[in-house]
Amino acid sequence: MKLMYSILILFYFAQVHSFALDQNKIDWVKNNAKPLESIFPDKGLDDMDQAFDSIVGESKVVSLGEAAHAIREAAIFRVRFLEYLVKKKGFRAIALESGFYEGQIANRYIHGLELDISKVLQTGFTHGMGPWEETKILLNWMRQYNKDQKRPEDKIHFYGFDLPLFQDSIMNRTPEVDAPLEQVLALMEKVDPNYYKTNGKRLAFLASLASKTVDDIADYFLKRQGIRYIDPDFLDEICSISYENLGGEEKKELAFLLNDLINILELKEIRYLSTKKITREEYDFALQLAKMSRSTIGNLDFRETVSAFPNIETLKTVLEKKIYPEEKDLEKLGINKIQFHNTSEEWENYFEGRNGRERTMALNVHWLVNKHKKVLLYAHNGHVAKTDKYNSPNPLHKNRYGVGMGIYLSAKYKEDYVVICQSMDRFVNGEGKVMEKYHGIPVAKTDDTPDCLEIILNKSSHNLFALDLRTKNPAIKRWLDQKLKGRHVHSFLTINHYQSFDAIVFIRDMQLGVSEK
């Protein structure tokens with residue numbers, strides 16, 4: 001009896017102690033949360049100043065993360081955050097987790113050179129970032145801002161920093177769909193026809209051969225579903241398989257020719273510009289596209305496929321609820337007898353190759369910073385996080401994958417790189433009712449996840465606020481500097497918030513983005 005009584009006493013005091021610890025966290029959030037008045041732009045910036053001035057400081061690169069693409073409130077708030085950075089901090093560019101090549105189309109629109117915004121939203125973006133009302137709000141705000149500026153140096157610019165539509169494919173045989181290397185070679189045909197007729201055409205041939213399987217599968221889906229599109233989760237394997245169309249010597253020749261192209265562009269810069277056939281902007285962009293193409297081929301070299309047994313199950317998993325090629329089609333397309341990696345060591349090499357996407361994105365960001373001095377980035381929280389303490393839900397990633405773009409940027413820019421993630425409590429529909437499912441997947445509730453950060457953030461009296469995570473409070477720092485759960489739309493991921501992010505924007509309720517009509 002005495003033992004039972006002692007256990008009850010210990011349990012009681014443990015509960016009281018736990019409550020006291022949680023109350024300290026809640027008090028810290030309440031005392032340090034900076035309320036924001038609105039997610040929409042053009043509402044004044046006094047609250048933004050109070051919330052973000054000390055967080056942003058004079059940093060060169062600021063990343064605003066999101067839990068998922070196409071979430072309405074997060075995507076609208078990025079417009080107001082951009083307005084703040086432009087008007088108060090001298091930023092002149094925003095770049096999204098979308099195709100670097102395709103982003104030129106959106107940039108032309110905000111400068112008044114493209115008129116059909118629906119077409120821009122469809123063709124100027126990748127990774128599902130484009131066809132949304134929230135993206136239209138962003139572009140139209142930027143377009144109007146530029147229209148109001150009299151001096152060219154005051155205008156703002158739009159970019160993507162990610163790989164193109166077909167990811168690691170640098171050529172495309174369809175006239176309606178260009179690719180990075182095509183634009184570079186088109187420029188070379190203008191300014192250096194002798195190069196284009198010799199090395200240029202050979203380079204185009206090898207790049208096209210390396211992209212042949214990607215093209216074949218894109219054509220297949222065009223016939224089956226009316227759109228020349230390959231699911232991004234399918235592309236890693238297809239691009240690697242397609243690269244194997246080249247023999248070993250051809251791969252070396254492709255790499256040599258890409259290096260040669262970059263060297264020629266750099267050595268003949270003044271000569272090419274003096275022809276007056278291209279602008280400085282066209283030259284700069286072409287040189288970066290050439291470097292991006294070289295980086296892409298380097299990524300593929302990490303991901304050599306191995307012939308073993310059919311890799312059919314992966315394809316079925318990716319395309320489970322979509323159009324799936326029949327067995328005879330798989331054989332015709334040349335993807336029925338290729339298995340990726342079977343050992344832990346082989347998977348490590350594969351995912352190190354996948355990190356090549358993150359390196360390429362960082363390479364594009366460096367180019368933007370050199371060009372515009374200060375840049376706002378917008379992407380998944382995991383891409384912009386400063387450490388790999390942001391765990392992917394993919395069990396295969398435990399072998400290696402985790403070196404995100406933000407890690408490269410943090411290493412280069414140090415205190416000049418600031419990361420602000422966005423999170424929420426509830427997922428709601430257009431009527432404000434809590435959603436039980438997200439695209440058919442059950443939505444985890446904050447109150448049912450006791451080890452998540454959001455359960456504490458939710459105790460704030462504010463529905464919209466910013467919170468600086470760089471606390472000097474020892475107890476709070478110990479709490480944040482460990483593995484905590486963090487909202488990932490319908491679920492939670494394990495995150496070290498203190499090492500990964502500098503601040504957080506909490507929006508209590510979020511809903512799905514609205515499709516652009």
Side-chain angles (χ1 to χ4, degrees), residues 59-66 69 78 85 91-104 107 125-127 129 157-165 167-168 170 180 232 235-236 239 258-259 262 284-303 349-390 392 397 400-421 499-502:
S59 54
K60 293 180 179 178
V61 186
V62 175
S63 284
L64 181 64
E66 60 175 4
H69 297 329
R78 72 183 169 194
L85 292 178
F91 279 58
R92 290 293 176 264
I94 181 174
L96 271 58
E97 183 192 333
S98 182
F100 180 77
Y101 174 79
E102 289 83 356
Q104 298 170 92
N107 193 48
F125 296 84
T126 64
H127 292 78
M129 296 289 279
H157 307 272
F158 178 92
Y159 297 93
F161 56 74
D162 208 338
L163 298 178
L165 177 63
Q167 210 115 312
D168 293 307
I170 59 176
L235 272 168
D236 275 324
C239 288
L258 279 170
N259 276 320
I262 293 166
D284 289 343
F285 209 86
L287 178 57
Q288 184 61 17
L289 286 173
K291 291 179 179 179
M292 183 176 165
S293 297
R294 178 176 62 183
S295 178
T296 297
I297 295 301
N299 300 341
L300 289 166
D301 280 326
F302 277 102
R303 304 204 307 256
N349 291 335
Y350 171 70
F351 282 115
E352 179 65 25
R354 281 204 59 178
N355 288 337
R357 175 192 174 198
E358 306 291 333
R359 287 193 297 270
T360 302
M361 292 195 294
L363 179 72
N364 288 335
V365 172
H366 298 332
W367 183 80
L368 291 172
V369 175
N370 288 335
K371 189 175 183 64
H372 294 291
K373 309 307 178 190
K374 292 185 175 184
V375 180
L376 168 62
L377 309 179
Y378 187 83
H380 272 130
N381 288 328
H383 285 301
V384 299
K386 289 185 172 184
T387 75
D388 60 357
K389 304 300 190 298
Y390 189 105
S392 167
H397 291 182
R400 188 64 184 87
Y401 188 46
V403 184
M405 174 188 71
I407 298 175
Y408 295 110
L409 297 180
S410 180
K412 180 173 179 61
Y413 295 107
K414 298 180 174 58
E415 65 275 5
D416 274 332
Y417 181 59
V418 170
V419 183
I420 303 168
C421 69
Q499 294 184 36
S500 297
F501 311 117
D502 296 294

What's the shortest heavy-atom distance between G160 and F100, and which atoms?
O-CD1, 3.1 Å

Interatomic spacing from CG in L96 to OG1 in T126 - rounded to 0.5 Å:
9.5 Å

Pairwise distance CG(L377) to CZ(R78) - rounded to 0.5 angstrom:
12.5 Å

How about H157 and H372: are their ring centres within less than 6.0 Å of each other?
yes

Walk me through whether Y413 and V369 qualify under side-chain contact (heavy atoms from CB on, under 4.5 Å).
CA-CA 10 Å; Y413 295 107; V369 175; 3.6 Å; yes

Are the side chains of F161 and E97 in contact, using a 4.5 Å heavy-atom criterion?
yes

Taking Y417 as the fixed residue, which of S410, S59, S63 is the one that meets the side-chain hydrogen bond (donor to acceptor under 3.5 Å, both in side chains) rule?
S63

Quick one: pull up OH in Y101 and CD1 in I170 and give me the separation to the nearest 0.5 Å.
12.5 Å

Is any side-chain heavy atom of V375 less than 4.5 Å from a side-chain heavy atom of K60?
no

When rounded to the nearest 0.5 Å, the distance separating NE2 of H69 from NE2 of H127 is 6.5 Å

How long is the gap from CE on M361 to CG on L163, to the nearest 0.5 Å?
7.5 Å

Output side-chain donor-acceptor pairs under 3.5 Å for residues 284-291, partner residues at least two apart or in another chain, one line each.
residue, atom, partner, partner atom, Å
D284, OD1, R280, NH1, 3.1
Q288, NE2, N364, OD1, 2.9
K291, NZ, E266, OE2, 3.4

Could you check whether any side-chain N or O of D502 sits under 3.5 Å from a backbone N or O of I420, counting only pairs where one atom can act as donor and the other as acceptor?
no

Across all chains, not counting sequence neighbours, the side chain to side chain donor-acceptor pair (under 3.5 Å) partners of K371 are E281

Rounding to 0.5 Å, atoms CE (M292) and OG1 (T296) come to a distance of 5.5 Å

Salt bridge present between D168 and R357 (N-O < 4.0 angstrom)
no

Which atom pair, heavy atoms only, marks the closest approach of V365 to M405?
CG2-SD, 4.0 Å

I want to check something: taking the side chain as every heavy atom from C-beta on, are L85 and K374 in contact at a cut-off of under 4.5 Å?
no

For V384 and A379, which heavy atoms make the closest approach, and how far apart are they?
CG1-CB, 3.9 Å

